*Asks:* 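Following this message is one structure expressed as structure tokens.
Residue numbers start from 1 in every chain, and the chains themselves are labelled A, B, ... in the order their sequence lines are given, proteins ahead of strands. Quick caveat, the model's predicted, so the values are computed rather than measured. For the numbers below, each heavy atom of this structure counts, side chains included, while hydrogens, waters and symmetry mates do not.
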Protein chains: 2
Amino acid sequence: MPKYVYDFTEGNKDLKDLLGGKGANLAEMTNLGLPVPPGFTITSAACRYYLDHEAMPEGLDEEVGRYLSALEREMGRRLGQPDDPLLVSVRSGAKFSMPGMMETVLNIGLNDESVHGLAERSGNERFAWDSYRRLIQMFGKTVLDIEGDLFETAIDEAKEAKGVESDLDLETDDFKGLVQTYKKIVRENAGREFPTDPREQMDLAIKAVFGSWNAPRAILYRRQERIPADLGTAVNIVAMVFGNLGMDSGTGVAFTRDPASGQQGVYGDYLQNAQGEDVVAGIRSTVPLADLEQIDKRSYDELLQIMETLENHYRDLCDIEFTIESGKLWMLQTRVGKRTAAAAFRIAVQLVDQNLIDADEAVRRVTGDQLAQLMFPRFGEIADDVKTITAGMGASPGAAVGKAVFTPGRAVELADDGEDVILLRRETSPDDLNGMIAARGILTSRGGKTSHAAVVARGMGKTCVCGAEELDIDVRARQATAPGDVTIKEGDVISIDGTTGAVYLGEVAVVDSPVVQYFEGALSAAGGDELVTSVDRLMRHADSRRRLAVRANADNGEDAARARRFGAQGIGLCRTEHMFLGERRQYVEDLILAETRDDRRAALQALEPLQKQDFKEIFEAMDGLPVTIRLIDPPLHEFLPDLTDLTVKVATGDASADDERLLEAVRRLHEQNPMLGLRGVRLGVVIPGLFGMQVRAIAEAAAEVREAGREPHAEIMIPLVGAVQELEFIREEAEKVLAEVGVEALIGTMIELPRAAMTAGQIAEAAEFFSFGTNDLTQTTWGFSRDDVESAFFGRYLELGIFGVSPFETLDVDGVGRLVRIAVEEGRATRPDLKLGICGEHGGDPDSVHFFHEVGLDYVSCSPFRIPVARLEAGRAAIKSKG
Amino acid sequence: MPKYVYDFTEGNKDLKDLLGGKGANLAEMTNLGLPVPPGFTITSAACRYYLDHEAMPEGLDEEVGRYLSALEREMGRRLGQPDDPLLVSVRSGAKFSMPGMMETVLNIGLNDESVHGLAERSGNERFAWDSYRRLIQMFGKTVLDIEGDLFETAIDEAKEAKGVESDLDLETDDFKGLVQTYKKIVRENAGREFPTDPREQMDLAIKAVFGSWNAPRAILYRRQERIPADLGTAVNIVAMVFGNLGMDSGTGVAFTRDPASGQQGVYGDYLQNAQGEDVVAGIRSTVPLADLEQIDKRSYDELLQIMETLENHYRDLCDIEFTIESGKLWMLQTRVGKRTAAAAFRIAVQLVDQNLIDADEAVRRVTGDQLAQLMFPRFGEIADDVKTITAGMGASPGAAVGKAVFTPGRAVELADDGEDVILLRRETSPDDLNGMIAARGILTSRGGKTSHAAVVARGMGKTCVCGAEELDIDVRARQATAPGDVTIKEGDVISIDGTTGAVYLGEVAVVDSPVVQYFEGALSAAGGDELVTSVDRLMRHADSRRRLAVRANADNGEDAARARRFGAQGIGLCRTEHMFLGERRQYVEDLILAETRDDRRAALQALEPLQKQDFKEIFEAMDGLPVTIRLIDPPLHEFLPDLTDLTVKVATGDASADDERLLEAVRRLHEQNPMLGLRGVRLGVVIPGLFGMQVRAIAEAAAEVREAGREPHAEIMIPLVGAVQELEFIREEAEKVLAEVGVEALIGTMIELPRAAMTAGQIAEAAEFFSFGTNDLTQTTWGFSRDDVESAFFGRYLELGIFGVSPFETLDVDGVGRLVRIAVEEGRATRPDLKLGICGEHGGDPDSVHFFHEVGLDYVSCSPFRIPVARLEAGRAAIKSKG
């Protein structure tokens with residue numbers, strides 16, 4: 001049997017896989033000599049076993065018993081000992097932090113007898129009975145699955161009966177009465193008595209924590225955060241300390257730096273005479289941590305000392321949960337703290353300057369996703385008709401504009417209709433998560449920067465303003481009021497600034513972020529903006545480290561020029577079909593309807609000069625850099641009207657003779673599965689002259705640009721090749737045209753069909769480069785098209801965990817990735833100097849970039865806006881692979 | 001430099017790859033001491049070099065020169081030597097026989113000087129000038145690409161001017177005139193003089209033969225016969241012998257057995273005073289070979305002696321081309337002869353009985369394609385309104401009924417419209433090939449069993465009657481007349497019997513072939529029919545040798561029972577969606593339109609008993625054998641009306657309220673690419689209860705059949721799985737239902753997506769069997785759907801040789817096959833006892849069966865009618881793999 005239990009003295013911070021983040025860090029702090037309540041951790045391996053087998057591993061019971069005994073010996077009292085009970089908390093702790101997602105039960109060990117012992121030992125009978133009712137409430141809700149409102153209602157009734165408003169006004173007898181009421185609620189709703197055996201309480205709580213791994217809100221959070229579904233959670237059993245023993249007790253959270261800006265200083269919140277949950281839930285308003293100096297200077301000084309120790313030890317921003325029990329400071333948790341994207345860049349650079357980390361480590365510590373957040377636009381000028389209503393805390397930066405909604409359900413509804421929405425809540429809870437995901441931004445009237453709303457929004461990179469206390473939010477009336485007779489009704493457009501905390505009624509125009517302005521070259525890195533300087537330093541370092549080149553997907557000169565400013569080292573995908581739209585559509589229609597060779601030739605000849613002009617502009621913008629041009633890919637009938645629409649038009653007599661002729665062509669070209677039909681290289685094979693025309697336009701454009709003294713590097717890319725014979729056929733035609741015009745160009749192919757990957761060794765004989773079309777390759781490898789399935793069943797698949805993340809977003813390494821790997825190996829075996837790139841949308845996805853680095857591609861290509869992200873991640877991948 | 005030239009004394013019959021069939025067999029006969037004119041062969045490797053590089057290999061010229069000199073020394077005269085010219089033929093000879101497909105030039109070495117030498121030496125001036133004009137004609141057409149009609153017209157004009165009808169009536173001076181005319185034709189049409197240098201003639205002819213490998217008709221023939229496109233052809237340079245030196249000369253073809261029946265005896269045709277081409281082309285009518293005994297007994301006896309030698313040497317039916325030059329017999333060619341399917345089975349068994357070959361070899365010598373031909377229906381009773389018009393030779397057996405057409409173009413046209421056609425021609429030429437492919441049967445008025453029409457039709461397994469001389473075919477009038485004032489007009493239905501040679505006006509009913517009756521158990525192998533006995537013996541031997549089991553694709557009890565009679569060892573694919581058609585469609589519509597859980601449950605409950613009944617019938621028919629049932633696969637909207645039709649109906653106001661409701665559902669479910677949409681396992685995941693209902697119907701059917709004392713073996717197959725998680729999800733539901741009903745069943749999956757193959761090792765963890773769905777796997781691997789592309793571009797792809805054969809017909813080993821191989825290896829690595837089968841249409845395709853044997857599957861599954869074919873080929877594959 002593996003070891004399933006670790007005392008805090010046995011673990012360390014590197015055992016997160018096994019002990020979870022919380023357990024590993026509690027062990028680390030214990031070993032640093034910091035004041036951590038004693039306890040032990042049951043590993044995530046036990047959880048996985050439990051979830052797989054629906055039973056605890058054999059022997060675990062005894063192992064837990066041994067560790068509990070040791071804990072009891074250390075504390076000098078037994079769990080639930082009537083005269084002096086040891087109480088413990090049972091808390092989840094997964095490898096990745098999942099705030100508010102998992103279950104916790106406090107005060108385990110209390111029952112009708114030990115409550116008296118606790119009262120006596122603490123000298124606080126009210127506290128003892130309050131703790132007892134809290135246990136029954138948490139246990140009932142968490143372990144026995146009883147609706148939490150039943151308990152809340154009971155306490156509200158008790159307050160009403162007594163004519164008071166706050167829990168603080170309830171007295172011992174009220175809590176005694178509540179304990180009875182709560183037990184009745186348990187009996188009636190769970191079909192069993194509240195268990196009074198302390199060990200049974202603990203064991204049931206452990207199972208509940210294990211089971212909570214698969215609670216819907218946890219699944220949803222993991223999906224959003226891309227946390228693997230099969231990790232499981234560890235469970236921490238910790239001796240209870242109490243922040244609610246009186247005004248010399250309290251609880252708080254702290255950051256070693258400002259998680260929004262990265263500034264060093266004293267950041268955090270403190271709440272006197274309260275348990276930790278009260279702070280995180282944002283139910284009662286906290287005081288700034290700095291105020292603790294007045295309240296309890298000794299504890300304050302000790303805390304600051306510990307924070308310094310932790311930051312130097314972890315060499316990073318830490319966040320901390322602590323409790324002061326009757327003037328004694330206890331550390332309940334620490335972890336490397338979440339931070340905003342801007343803070344991540346600043347902190348990384350600051351730590352380099354403090355010589356705590358090196359530049360490689362700094363680049364490791366920022367992510368492409370964070371960089372992408374920094375590139376979001378911000379608010380510009382405030383127009384006259386826009387009203388500044390109020391301000392809260394800027395809890396997660398960004399600029400969000402949308403219609404106000406007051407329930408998560410409505411947020412999802414409107415978002416599904418394509419509307420931008422801002423979710424307004426008094427405070428958020430894990431149950432609001434789907435609404436938070438659907439919203440552009442979140443605005444709360446209560447809670448600080450460490451409230452659920454703030455923490456989750458930062459994690460998602462979603463704009464959030466919290467604690468806007470002047471707002472009076474009325475969910476039932478679906479409106480909010482603010483000073484000055486302002487009313488926000490559902491559907492009113494509001495704008496929120498996640499940096500300043502400002503809230504506006506009306507739409508505020510947004511402008512480019514300074515980071516984008518920096519990439520555009522409009523803002524200098526030396527200009528004094530600390531964020532821009534930090535980004536600049538880390539980007540330079542990432543660029544110096546990366547092996548992957550980064551190219552852009554761009555179809556015109558303007559996009560190409562922008563991409564180049566963003567750092568593109570060429571064009572990896574220029575789609576020519578976009579050049580067939582607009583007024584040129586007529587020529588394509590002519591081409592399709594051509595009945596004679598001459599008609600067809602005329603249509604092609606009309607298109608050629610237009611295409612040539614497009615290519616010239618791109619070659620000019622990309623002077624000296626490679627430009628990969630893909631010959632026309634989509635089915636031609638995409639350029640014709642819709643079959644059903646046209647059929648109705650003709651059937652209802654609204655059609656002209658031309659329409660009827662058109663309908664015939666549409667019918668003839670109609671395909672059951674156009675994605676699997678006449679497209680890509682097949683068009684080139686079947687329609688004489690089509691690809692030849694495109695190659696000629698490319699060649700002549702290159703020749704003219706060369707004449708003008710520039711340096712065009714054309715790479716001609718044939719789409720949808722499945723067999724080398726197809727490529728050879730087109731290659732022959734293309735080479736003839738190139739020779740006629742006197743231009744050299746690489747000729748290569750997309751690898752976007754499984755067969756192309758399987759026969760890459762053959763295809764490489766006729767291809768000078770491969771570019772992986774991972775969108776199409778994903779479609780055919782999985783046998784589903786993006787259009788058809790995302791709405792039809794992806795939601796359900798994500799819900800069930802069949803996908804952790806859509807394979808159209810992050811490359812499916814096991815399936816699609818394996819094909820890529822095979823094609824890379826076998827293509828290079830045939831042609832060692834084969835150029836290899838990827839031009840699917842995965843080219844700008846951080847996880848996928850790491851895979852492409854690892855598999856040995858030469859470049860990734862992505863949309864211009866994702867280029868900095870790809871550059872950064874390519875650097876990170878190179879640093880990571882060095883180990 | 002490799003050796004590119006082989007003298008006949010250097011080669012042997014095992015060098016077909018290099019020397020081609022003709023060259024290898026000429027060498028073999030030479031070494032057997034048979035009278036073969038001296039010569040040498042230029043290898044197919046030289047041809048491949050020439051085609052790849054568009055130039056002859058360096059040094060080949062000298063090598064040919066050396067061999068030519070040796071030939072000249074042996075013959076005692078030089079090529080084109082003015083006073084006594086050595087003449088040679090230059091003939092193609094590929095590895096596989098391609099009758100009439102390739103180019104030949106005779107009489108190389110003649111020019112204005114040597115023609116006199118030939119006249120003098122042969123003592124026949126007319127012959128010499130006729131030979132010369134033949135050279136210019138063949139050379140002009142073949143080497144210089146001049147339209148053949150120009151020469152034909154010139155000779156017709158010469159006959160007209162002279163007032164004669166036959167070439168035989170033309171005299172020396174006429175041929176001298178024709179030589180001048182022909183030279184003028186060459187000059188005017190080729191832009192050059194006819195080359196008078198004999199070596200130049202020879203070299204140009206060699207290049208022309210090489211080039212003819214890629215002539216359109218050769219490409220088409222290879223495609224039809226599945227001959228690889230990259231083999232190239234060898235060229236044979238042979239000293240000329242002449243069958244047209246007078247009435248003691250002649251030329252003929254012979255078979256060592258009847259190629260239609262397999263009977264031993266004297267079969268063949270002979271034509272006095274003619275060159276070989278005249279026989280094959282069927283231009284002049286031949287006499288039966290037996291008549292040669294009267295004409296030239298010495299040569300006849302020698303020929304019979306040689307035929308016996310050859311059959312014993314090759315241990316097979318041989319066909320032979322020979323020429324008698326002034327009473328001296330020369331062997332020009334031999335090869336293992338083509339034969340009808342029936343003859344193949346008979347001959348193989350006869351040779352076993354003659355102890356020439358063993359039973360393994362006999363099974364090697366028959367093919368599944370031949371067996372399939374024997375299973376074609378035959379003519380039954382001739383109805384009163386059907387008129388027997390005439391009879392020709394039964395040249396390729398079978399019974400064909402169709403509309404009469406007189407041109408290949410019209411045959412293709414009508415066949416494309418789905419009509420059955422019979423192609424009527426005086427004789428056929430390679431230019432007719434596309435029409436012959438399109439036709440159900442071929443009827444000619446001229447030529448024997450060795451004419452082009454007969455040979456090609458037999459090769460294709462296409463019904464052919466030839467030499468129906470009473471028919472007067474008028475292509476221009478598009479009609480044929482027969483004795484008794486019968487006229488066949490284009491479009492009239494006729495019936496032809498390829499066995500008896502009978503031709504009927506009207507439609508004759510067809511009946512099962514005796515072979516099918518034998519498989520059905522209606523005809524005993526001991527009944528005296530030699531064909532049935534032969535088939536029976538070879539099938540038994542194949543069954544005893546094969547490792548692959550053979551199952552059937554069958555969806556109902558009747559098909560299942562039939563399949564079992566045909567030898568099926570189980571059902572490999574029972575499609576359940578067919579059970580959703582007909583009157584049950586309503587329930588499916590209800591299911592799709594269900595708005596509440598209860599509605600959906602009601603629809604499912606209505607379907608369940610119907611499905612159960614279907615399954616019971618199949619289990620009963622397959623008592624004791626495995627039955628693999630695939631849960632519903634196609635998109636549900638396939639059970640709803642067409643979107644466009646319904647939209648028109650609603651738009652034009654013809655629709656009911658129900659229709660409008662239906663339209664909403666159709667729109668909601670409409671998919672751009674249904675093949676890549678919500679189908680297969682995705683339906684099971686998304687629609688609660690659907691798969692559960694099906695599993696329950698299967699389980700209850702099995703339970704009831706078991707109750708009744710039978711032995712059902714259900715295997716539940718989940719379609720379109722791409723990830724093991726999908727399978728696990730469904731498996732859980734299915735296992736629950738099975739446990740409830742108390743029935744055991746294997747649960748497995750289709751492997752029909754590239755991702756399933758790539759992750760087969762994972763999927764095998766949740767699958768007890770894999771069945772390769774090679775139709776869908778081909779679609780996704782290549783990225784084209786069968787429906788959409790076969791019409792759109794497959795024709796062009798086949799034409800260009802991008803495909804040798806449709807990958808939907810014969811498994812694409814390099815792409816799809818590689819995925820199959822990976823899945824087999826990795827699936828078995830996870831689960832060594834994993835059952836592996838294939839249920840795509842490739843399961844009944846001979847080549848594919850060999851691949852499935854080789855890759856290690858447990859069974860193939862195919863349509864009932866293909867089961868004997870699969871059994872035979874599985875046996876052949878096992879014998880072949882033993883070596």
Side-chain angles (χ1 to χ4, degrees), chain A residues 643-645 647-652 669 671-680 682-683 685-686 720 722-723 725-726 728-729 752-759 762 776-777 779-789 792-793 796-797 800-803 807 812 814-819 822, chain B residues 643-645 647-652 669 671-680 682-683 685-686 720 722-723 725-726 728-729 752-759 762 776-777 779-789 792-793 796-797 800-803 807 812 814-819 822:
Chain A
L643 172 64
T644 300
D645 294 350
T647 307
V648 168
K649 198 169 171 193
V650 169
T652 53
L669 292 169
E671 296 182 308
Q672 289 300 317
N673 298 282
M675 199 62 82
L676 301 177
L678 180 56
R679 47 177 290 238
R682 300 162 195 163
L683 288 171
V685 172
V686 167
L720 216 71
Q725 292 88 341
E726 296 171 308
E728 285 166 346
F729 182 82
E752 52 185 339
L753 293 174
R755 192 176 192 281
M758 285 282 108
T759 62
Q762 294 170 25
D776 270 40
L777 191 58
Q779 294 199 81
T780 44
T781 302
W782 281 92
F784 44 57
S785 79
R786 187 161 197 172
D787 295 340
D788 289 313
V789 298
F793 67 84
R796 184 88 179 117
Y797 267 46
L800 294 170
I802 291 175
F803 296 147
D812 153 41
D814 286 355
V816 181
R818 186 172 175 193
L819 287 168
I822 288 170
Chain B
L643 171 65
T644 300
D645 294 349
T647 308
V648 168
K649 200 170 169 191
V650 169
T652 54
L669 292 168
E671 298 182 307
Q672 289 301 316
N673 298 281
M675 199 64 80
L676 300 177
L678 181 55
R679 48 176 291 238
R682 300 161 197 165
L683 289 171
V685 172
V686 168
L720 216 70
Q725 292 88 340
E726 296 171 309
E728 285 167 345
F729 182 81
E752 52 185 338
L753 293 174
R755 193 176 194 280
M758 285 284 107
T759 62
Q762 295 170 25
D776 269 40
L777 192 57
Q779 291 195 123
T780 43
T781 303
W782 281 92
F784 44 58
S785 81
R786 188 161 196 170
D787 295 341
D788 289 312
V789 298
F793 67 83
R796 183 88 178 118
Y797 267 46
L800 294 171
I802 292 175
F803 296 148
D812 153 40
D814 286 355
V816 181
R818 185 173 176 193
L819 287 168
I822 289 171

*Asks:* Heavy atoms only: give me the nearest B/Pro807-B/Trp782 pair and the separation to one decimal.
*Replies:*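 That closest heavy-atom pairing would be CB-NE1, 3.8 Å.
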*Asks:* Just checking, is any N or O donor in the side chain of B/Thr644 or A/Thr644 under 3.5 Å from an acceptor N or O on the other one?
*Replies:* yes
*Asks:* Mind ranking A/Val816, A/Thr780, A/Leu819 by heavy-atom pairs under 4.5 Å with chain B and telling me who comes out on top?
*Replies:*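 That would be A/Thr780.
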*Asks:* So, using side chain to side chain contact (heavy atoms under 4.5 Å, CB included) as the criterion, who are the partners of A/Val650 when residues are at least two apart?
*Replies:*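 Listed in chain order: A/Ala655, A/Glu660, A/Leu663.
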*Asks:* Which region of A/Gln762, side chain (C-beta onward) or backbone (N, CA, C, O), has a non-hydrogen atom less than 4.5 Å from a non-hydrogen atom of chain B, or is it both or neither?
*Replies:*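 The side chain, not the backbone.
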*Asks:* Looking only at heavy atoms and a cut-off of under 4.5 Å, which of A/Ile822, A/Leu720, A/Asp645, A/Asp814 has the most pairs with chain B?
*Replies:* A/Asp814
*Asks:* Under 4.5 Å, counting heavy-atom pairs only, tell me which of A/Leu683, A/Asp812, A/Asp776, A/Leu669 racks up the most with chain B.
*Replies:* A/Asp812
*Asks:* Which residue is it: B/Glu726, B/Arg682, B/Gln725? I am looking for the one with a side chain to side chain donor-acceptor pair (under 3.5 Å) to A/Tyr797.
*Replies:*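 So, applying the side chain to side chain donor-acceptor pair (under 3.5 Å) to A/Tyr797 and each of B/Glu726, B/Arg682, B/Gln725, only B/Glu726 qualifies.
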